[in-house]
Amino acid sequence: MAPHFVFPRTLSELEQDHDDNRLCVHNLVDIASLRSSQLEEFVKGVSFDLSDKELFCVEDQDVFDRVYSLIRGYDSLPPSCKLNLVESLRSNLSVLLPNVDSLSRHSQGQDEDIPVLDRVASHRNAFKIYTYFLLNVVLAEESSSGSNNSLKVTVSTKKKQPVNSWNWEPQRGRILNLIANSLEINLELLFGSSNLDESYLSFITKIAFSMFEKPMLLKDSEAKDPLCRIIGACSAKYHYMEQSCASIMHLIHKYDYAVTHMADAVAGAEKKYSGGSLAISLIREIGRTNPKDYVRDTVGAENVGRLLVELADRLPKLVSTNIGILVPHFGGESYKIRNALVSVLGKLIAKAFKDDEGEMSSKSIRLRTKQAMLEILLERCKDVSAYTRSRVLQVWAELCEEHSISIGLWNEVASVAAGRLEDKSAMVRKSALNLLIMMLQHNPFGPQLRIASFEATLDQYKKKLKELEPDMPSKDVTDDLQSDGDNCIGNGEVENLNPGPVAKEQQESLTDTCMSQPEEAIDLQGSNLPDVGSLEQTRALVASLEAGLRFSKCIGATMPTLVQLMASPSASDVENTILLLMRCRQFQIDGSEECLRKMLPLVFSQDKSIYEAVENAFNTIYIRKNPVETAKNILSLVVDSNIGDLAALEFIVGALVSKGDISSSTMTDKITALWDFFCFNVSGTTAEQSRGALSVLCMVAKSSAGVLGSHLQDIIDIGFGRWAKVDPLLARTACLAIQRLSDDDKRKLLVTSGARIFGILESLITGFWLPGNIWYAAAEKAIVALYAIHPTPETIAADIVKKILSSVFNDGGDDLQNDNDKQKVTKEKMDAESQSIDSNGTASSGIQKDNNINAELGFSASEDAVLDAMFEKAEKEIVSGGSSEKNLIGVCASFLSKLCRNFGLMQKYPELQASAMLALCRFMIIDAEFCDANLQLLFTVVEGAHSEIVRSNCTIALGDLAVRFPNLLEPWTENMYARLRDPCVSVRKNAVLVLSHLILNDMMKVKGYINEMAIRLEDEDERISSLAKLFFHELSKKGNNPIYNLLPDILSKLSNQNLTQDSFCNIMQFLIASIKKDKQMEALVEKLCNRFSGVTDVRQWEYISYCLSQLAFTEKGMKKLIDLFKTYEHVLSEDSITDHFRNIINKGKKFAKPELKSCIEEFEDKLNKFHMEKKEQEATARNAQIHQQKIASREGFAAATNAEDHAETNSPADEAVSEVIDSCTEGIALSMNDKSNYKHADREEHSGVSSELTESDAGEGDIEVQSPMVNKRGGSLTQSRTKKSDIKEGKSDNPGTRRTTRLRSRRYASLQISVWLS
């Protein structure tokens, strides 16, 4: 019998001799010393022996020595020799495995005898030797070739290999597959027990786990699959569990790419051996780990979490039974583990509870487990980590997609998602938006979710339910809802725990009901309702309808939040909000259409993704294949849009035209449909739709002007005809269309209908047939159209001006309102007309004269100089030219100025004042002299006008004047900032906009009045507050952040204003947060500390210390604060100030290094020490002051007592006076007693010093006296006595009264003595 083979730790151990009769090497052949021919012969001899002799020949000493020699020198073998050796070993082992299996079956049927045991031992030896040598070949090949070399070899194998060349990859797969097969046969008899040789298992698993460290190898499925089988068999079948779990956890923590492959190995072991021991061991190992370890090892925590998710996906039932081990990790600090556990719960809820088999008790346990998981998921929506909150919402979206959320839980999840829309983290908001999109897409309530539809349907089914249960007491139908597969969980919500045919029927009925509703109205009668069956089914349907109604209301309630999200600086918020609104519109959620309109201005966003999202949404919602439907959609959008929406829509339409979606060159069906609507060729077209169609055509014409030329006559006939009286805005739109005609179309219009169109435009300007509120805009467009098409617009403009002026001055004011309307609009028109007149007439003559002079002098003026001279001369002559040269505008200027100064008339007619001031402002923009002469008038009106419209218009005009004449407006800067304090919201808003525009565009320097803008951060109007925040946000981006330099001045001025403490803190917190640079923060520390010595007000000290506490301190900042202690030590007596410094210290401790931390702790001790000392000094000062008051009061009281004694020794004739004095003294004492009680409590609370009190000996007249109060009453003692004596003189002098008075005098004398003694 051959010696037994023992797996050595290393290959070289086989060369050592042992005493236990184990197989070892006796004759080692040095392969390196052999020539190539000798080596080939040597390998062929070994291969021949292995193939020709018995399988057990490898345990012969000679064969064993030669094979070992080849394995030891394997790296030096040529490829052909390697191939021969590996093939011989592999083929022998593959033949041996069936023999081992047959040997096992044969031995089970016979009694044990010596030959069988020998055969088993021989098989075991050969099995071990072949396995050991083959695994050493694998180990040698893998160690000699790195991952890069393996990749190169893999690529090279695609080429044709020469004969007998060495290709390792296929051989590796065959060897590993053979080893895996060997472990799956029955090796218990071969090794004598179910626990195999530990050295054998250790060697195999060590090599297998080492190969899992090679990412390129794992991409080869022929190698990866047998490796997974090897690990699974060793762990699950042969109980090599503890060591395998440790190796797996080591791999998981170290290599992230090994997670999926390890999960495959564990799942494969569970599938093949059905014990689940390996997976359970891993879960328990993870559960036993200290949660703090995952905080330190973030990469390992992420990989462990991924492994748990993979296991839950592959083995949901097994993980669900052991999930309790992992739940405590929800309380750990590692958000990555919490994220993984949330994902695990999602996988389990979706997959682990689908099997309905089993007893009712097991079903109940599973349902309770599922309910507990759902509750955990809902709770995790409030996790402190934004990553976890986002992951929870993603898991809910996955469950929704898998239809794993019951109707009973649907609304609760929807409300959670709606609440997370206001989360501070953008990723959470994104996940919440995606969840709501998914819930709408997979909602179980039907294709439309209009509230009116649900309410109508619900009312009908409730009536039917009452008919089905006439004798039952009235109560909520959902309280009794119990069906075979449904369970009521409260609030009328139904949890579909075990869906069956009834639930399906209910859902089908609900869907049919919702789909059958018309879009505009619902007219359901009881006879037309679908019959859903029994009473229980009707109850279930009513509960489902109620849940659907709540869901619809929940989504509808998010519309205001979605509007806010469209203004978010995060592009993901905007994009996903638009997608959600599109989905809401698809399901007819109330308010979604209006919200979608508000996305149009986002086309002007500089973010390309937002612009594309808006454009795609517009195409999806409004553009259809049917041109009539497309036209209707766009018209409905245009008719109800404001100016901003129209500008955005024009931009979108221009983009569509440029892309060819709406092509004017080929007159596509969409353009034709728009013309049909404009010309009333479509039945039922209204005047508003006709105007909308022309507006869209004007938008198209801006990018392609030729689109309007084919319907010139229709534009004139319809745009200015009878339909213009039905919809007056149609005339304005027609003027815009004329303005946007192409040059050829303009010439064509002048030839065919020139006189007519000029007459129409003139009548539009001077006539009275349009409403006043529409006439302004229409007349403006008409003037622009005149200048666009008339060959000499100056002449017709002058005629119009003359007509209007004559109507103003000649009519005598019969209709003052109308005349003034005409007059004020005249000024608006004259502004544009005068510029054209002067540029074409006067200026050109001036240029000619200048050119002639320059030519005579020999100078050649540049074009820029010529233009400057022309503009300067034109501006002067438009308004302020000489009286002989005044043109029409100049004539009106003086009249307009006088009119605006007539405040009585202006107050009587506010509309006249509004137009007159607008005209005056336009005149002021033209001419500097006229502007300077009327600036004081303008500021007087902007401050004192009663009309908020006038103040708003003048505020906007001030912005234009500041741009035009900055030097003239510079002295009035304070007055411009004063508009920020206007009581009217619109004026303040315009002031914020104007000043923001001027400052951010460097048209106005940031003066010392910027604190007025800072106050607007806390404006009562949210819009103004947002604009102010936007202003400071943009200001902080300019240069070196001007807010840094402005902050001390803002702090100083805000401290002196009447602001609440909360408002001040909010303002300064926002401003300080905009300072990001560390150097600026450090400089602010020094600036703010130095301000303590410049102020004496405690309130300002508190404000400065608060600002210090809001700074983001660095190490340098903390050191500077400590060094500047002398500047603020005198303010530390106040508790609130000290608290702010303590907050700074707490912040510093969080980031401080050990050295700085010790300094901070010393600083904290010093701060507390000074705080207590300052408080004691203040208490001592107060006590000293109280003592001084006591001494002064005692002296005053002694003087009063001496006077009483002197009065008591007087003659009886003076008794009346004595009585008066005593009575007065009694009154003083009584008042002193009342006052002393209050003062005693007050001093005891604040200073800790109580007054000394004494009692008199008298019983009934005992009075407590607080000595400090005597001084306060002593000042008025004489006056009180005189007043009392006047009263006493009018009363009778009886002996009883005198005796009482004497007794009281004696009591006060004794009282005075006791006070002095005390």
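Below, all heavy atoms of this structure are taken into account, side chains as well, without hydrogens, waters or symmetry copies.
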- Message: Testing the 3.5 Å rule here: is there a donor-acceptor pair between the side chains of S343 and R391?
- Response: yes
Verdict with supporting geometry, V992 and D1019, side-chain contact (heavy atoms from CB on, under 4.5 Å): CA-CA 11 Å; V992 171; D1019 195 278; over 6 Å; no
Quick one about T561 and T558 (side-chain donor to acceptor, distance below 3.5 Å, no hydrogens or angles considered), yes or no?
no
Interatomic distance, CH2@W410 vs OG@S415, rounded to 0.5 Å, equals 13.0 Å
- prompt: Hey, is K347 close enough to E402 for a salt bridge, meaning N to O under 4.0 Å?
  reply: no
S568 and S570 side chains, donor-acceptor separation under 3.5 Å
no
- Hey, mind stepping through K462 and E546 against side-chain contact (heavy atoms from CB on, under 4.5 Å) and telling me if it holds? CA-CA 10 Å; K462 279 186 176 180; E546 288 177 344; 3.3 Å; yes
Quiz item: Given the rule in the side-chain contact (heavy atoms from CB on, under 4.5 Å) test, do L980 and I1015 qualify, once you have shown the distances and angles that lead to the verdict?
Solution: CA-CA 9 Å; L980 295 170; I1015 295 176; over 6 Å; no
Open item on the list: Ring-plane angle category for H403 and H442, please: parallel below 30°, perpendicular beyond 60°, tilted otherwise.
Closed with: perpendicular
query = Okay, side chain of T630, backbone of N626: is any donor-acceptor separation there less than 3.5 Å?
reply = yes
(Q) Whether the S1026 and E1022 side chains hold a donor-acceptor pair (N or O, under 3.5 Å, no angle test) is what I'd like checked. (A) no
### Query
Would a 4.5 Å heavy-atom cut-off, applied to side chains only, mark T457 and Q460 as touching?
no
Show your working on side-chain contact (heavy atoms from CB on, under 4.5 Å) between L1017 and F1031 and close with a plain yes or no. CA-CA 10 Å; L1017 290 170; F1031 164 74; over 6 Å; no
Please tell me whether D607 and S609 have a donor and an acceptor in their side chains that are separated by less than 3.5 angstrom.
yes
